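Computed from a predicted model, the values in this text were never measured in an experiment.
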Amino acid sequence: MNTFWKWAEQVGYAETNPWQGSTHGLKKKIAKASIVRGEKRPYHDDELVCLIEAARERMKHPKRWPWARIIHDMLLLAPLTGCRQNELASLTAARIIQPSQPDQLWRISVTEDVSKTRSSTREVPLHPIAQTVIAQRLSELPEGHSPDTMLFPECKPGGRDNKPGHYLSKRYASFLKSVLGEKPEIDFHSFRRCFATFFTQAEACGATHCSGLVLDHLLGHKPVSLAHNTYAAKRFDWSTYDRAIMEMVEKGIPPRVIDHLQRALGRTLISL
């Protein structure tokens with residue numbers, strides 16, 4: 001309303017703004033509230049292990065935990081791709097890109113209809129752990145399926161925006177609380193924060209392809225610096241992103257976490 005009345009004053013429809021001063025101190029109030037709630041952060045290694053093991057255990061009781069498998073698969077995909085919840089939940093068969101070259105990683109395409117911003121449209125390579133999850137899902141699709149067939153049929157669209165991630169968001173929040181308790185500083189988006197953290201750790205440990213610009217490309221962020229967002233290439237050769245993903249896992253993710261991710265597959269890991 002304050003913005004509306006400001007506009008009314010500017011165009012001459014009103015002489016005064018009755019909402020003037022209504023937002024005074026609002027930023028400080030929001031800052032204080034965020035301190036009380038806890039600043040959002042990535043998952044700690046112990047938390048990731050607990051979540052993976054809990055999902056793995058619930059997979060043994062599908063009737064009792066009908067959402068166990070989808071949550072289990074998301075736990076393997078989210079920290080290795082950095083994708084948002086709805087970007088994963090809305091995956092279709094057509095958005096899985098299988099390169100013709102055997103030494104290239106599979107990729108998932110984040111299209112404009114599911115991306116949060118224009119910069120969010122991108123393709124993200126799949127580490128062999130994530131690729132194994134996707135390959136298993138593809139193998140379970142009905143014969144003769146269409147390109148628009150959902151990879152995760154459990155994720156029925158819902159909510160005001162009719163997004164596939166709507167019910168997943170609710171079920172994951174309940175799962176998270178049941179495993180780690182009430183922790184408002186972590187949520188599904190914390191996997192995206194983990195991805196950024198792993199990437200940065202890998203660069204600090206000598207990964208040559210895990211630069212900040214490559215991270216921006218993979219997360220779908222518009223680079224901050226003028227040199228990067230105006231003059232640098234908007235996309236590099238795909239081998240750059242493939243190597244960055246492999247280096248991130250090799251040098252950025254603690255071996256204990258990788259071990260639990262591999263064990264959670266419960267099947268042969270696709271090797272390249």
Criterion side-chain contact (heavy atoms from CB on, under 4.5 Å) on H209 and V214, from CA distance to verdict
CA-CA 7 Å; H209 293 83; V214 171; 5.9 Å; no

Can you tell if the side chain of V249 reaches within under 4.5 Å of the side chain of L261, non-hydrogen atoms only?
no

Is the side chain of H61 donor-acceptor paired with the backbone N or O of A68 at a distance under 3.5 Å, no angle test?
no

Any donor-acceptor pair under 3.5 Å linking the side chain of Q131 with the backbone of P128?
no

What is the minimum heavy-atom distance between A78 and F188, and which atoms define it?
CB-CZ, 3.9 Å

At what distance, to the nearest 0.5 angstrom, does CZ of R256 lie from CG of L48?
9.5 Å

Taking the side chain as everything from C-beta on, heavy atoms only, tell me whether L168 gets closer than 4.5 Å to N86.
no

Is there a donor-acceptor pair under 3.5 Å between the side chain of H166 and the backbone N or O of N162?
no

Main chain of Q104, side chain of D242: is a donor-acceptor contact present, judged purely on distance under 3.5 Å?
no

With a 4.5 Å cut-off on side-chain heavy atoms, are P99 and W106 touching?
yes

Report yes if some heavy atom in the side chain of L91 is under 4.5 Å from a heavy atom in the side chain of I134; otherwise report no.
yes

Could you check, using the six-membered ring where one of them is a Trp, whether W7 and Y13 have ring centers closer than 6.0 angstrom?
yes

Assigning hydrophobic clusters by single linkage (Ile, Leu, Val, Met, Phe, Trp, Tyr; side-chain heavy-atom cutoff under 4.5 Å), is W238 placed with F199?
yes

H44 NE2 to I186 CD1 distance, which is reported to the nearest 0.5 Å
8.0 Å

Side-chain atoms of residues 139-149: list all donor-acceptor pairs with protein atoms under 3.5 Å, sequence neighbours left out, distances to 0.1 Å.
unit_1, atom_1, unit_2, atom_2, d
S139, OG, Q136, O, 2.6
E140, OE1, R69, NH1, 2.8
E140, OE1, R69, NH2, 3.4
E140, OE2, R69, NH1, 3.3
E140, OE2, R69, NH2, 3.0
E140, OE2, Q136, NE2, 2.9
H145, ND1, P142, O, 3.1
S146, OG, D148, N, 3.4
S146, OG, T149, OG1, 3.3
T149, OG1, S146, N, 3.1
T149, OG1, S146, O, 2.9

Gap separating the OG1 atom of T81 from the NE2 atom of H127, nearest 0.5 angstrom
12.5 Å

W65/F175 under side-chain contact (heavy atoms from CB on, under 4.5 Å): CA gap, chis, key distance, verdict
CA-CA 10 Å; W65 305 102; F175 168 77; over 6 Å; no

Mind checking whether L213 and L219 sit in one hydrophobic cluster, side chains of I, L, V, M, F, W, Y counted as touching below 4.5 Å?
yes

Any side-chain donor paired with an acceptor under 3.5 Å for S190 and R193?
yes

With a 4.5 Å limit on heavy-atom distance, are the side chains of T200 and M248 in contact?
no

Under the side-chain contact (heavy atoms from CB on, under 4.5 Å) rule, what do R56 and E53 come out as? Steps first, then yes or no, please.
CA-CA 5 Å; R56 186 181 176 191; E53 289 304 308; 3.6 Å; yes

Verify, without hydrogens or angle tests, whether Y241 (side chain) and F236 (backbone) share a donor-acceptor contact under 3.5 angstrom.
yes

Would a single hydrophobic cluster contain both V179 and V257, if residues Ile, Leu, Val, Met, Phe, Trp and Tyr are joined by side-chain heavy-atom contacts under 4.5 Å?
yes

Whether the side chain of E123 engages the backbone of R107 through a donor-acceptor N/O pair (distance < 3.5 Å, no angle test) should be reported.
no

Does K163 have more than 12 heavy atoms from other residues, nucleotides or ligands lying within 6.0 Å of its NZ?
no

Any chance you could measure C194, atom SG, to Y43, atom OH, to the nearest 0.5 Å?
7.5 Å

Heavy atoms of I245 and L218 approach each other most closely as CD1-CD1, 4.1 Å

Give the intermediate values and the outcome of side-chain contact (heavy atoms from CB on, under 4.5 Å) for residues L51 and I71.
CA-CA 10 Å; L51 291 172; I71 289 176; over 6 Å; no

Would you say Y167 ends up clustered with M74 if hydrophobic residues are merged whenever their side chains have heavy atoms under 4.5 Å apart, either directly or through other cluster members?
yes

Kindly indicate whether the side chain of I129, heavy atoms from C-beta on, has any atom under 4.5 Å from the side chain of Q262.
yes

Side chain Q85, main chain H189, donor-acceptor under 3.5 Å
no

Counting N and O atoms only, with roles assigned by atom type, does the side chain of R58 sit under 3.5 Å from a partner on the main chain of R64, one being a donor and the other an acceptor?
no

Distance check, rounded to the nearest 0.5 Å: E247 atom CD versus C205 atom SG?
11.0 Å

If we ignore hydrogens and angles and just use 3.5 Å, is the side chain of R192 paired with the main-chain N or O of C83 as donor and acceptor?
no

Are K251 and E203 ion-paired here, with the side-chain N under 4.0 Å from a carboxylate O?
no

Is it true that D187 and K40 have a side-chain N and a carboxylate O under 4.0 angstrom from each other?
yes

So, are D237 and R243 salt-bridged, with charged N and O less than 4.0 Å apart?
no

Determine whether the side chains of S109 and R122 contain a donor N or O and an acceptor N or O closer than 3.5 Å.
no

Is L77 linked to M150 within one hydrophobic cluster, defined over Ile, Leu, Val, Met, Phe, Trp and Tyr using a side-chain heavy-atom separation of less than 4.5 Å?
no

Can you find a pair of side-chain heavy atoms, one from W67 and one from Y172, that are under 4.5 Å apart?
no

Which atom pair, heavy atoms only, marks the closest approach of S90 to P164?
CB-CG, 3.8 Å

So, R137 and E154, do they make that salt bridge, N to O below 4.0 Å?
yes

With a 4.5 Å limit on heavy-atom distance, are the side chains of T92 and F152 in contact?
no

For the CD1 atom of I108 and the CG atom of L88, what is their distance to the nearest 0.5 Å?
5.5 Å

Result of checking L80, I253, L215 against F195 for side chain to side chain contact (heavy atoms under 4.5 Å, CB included)
L215

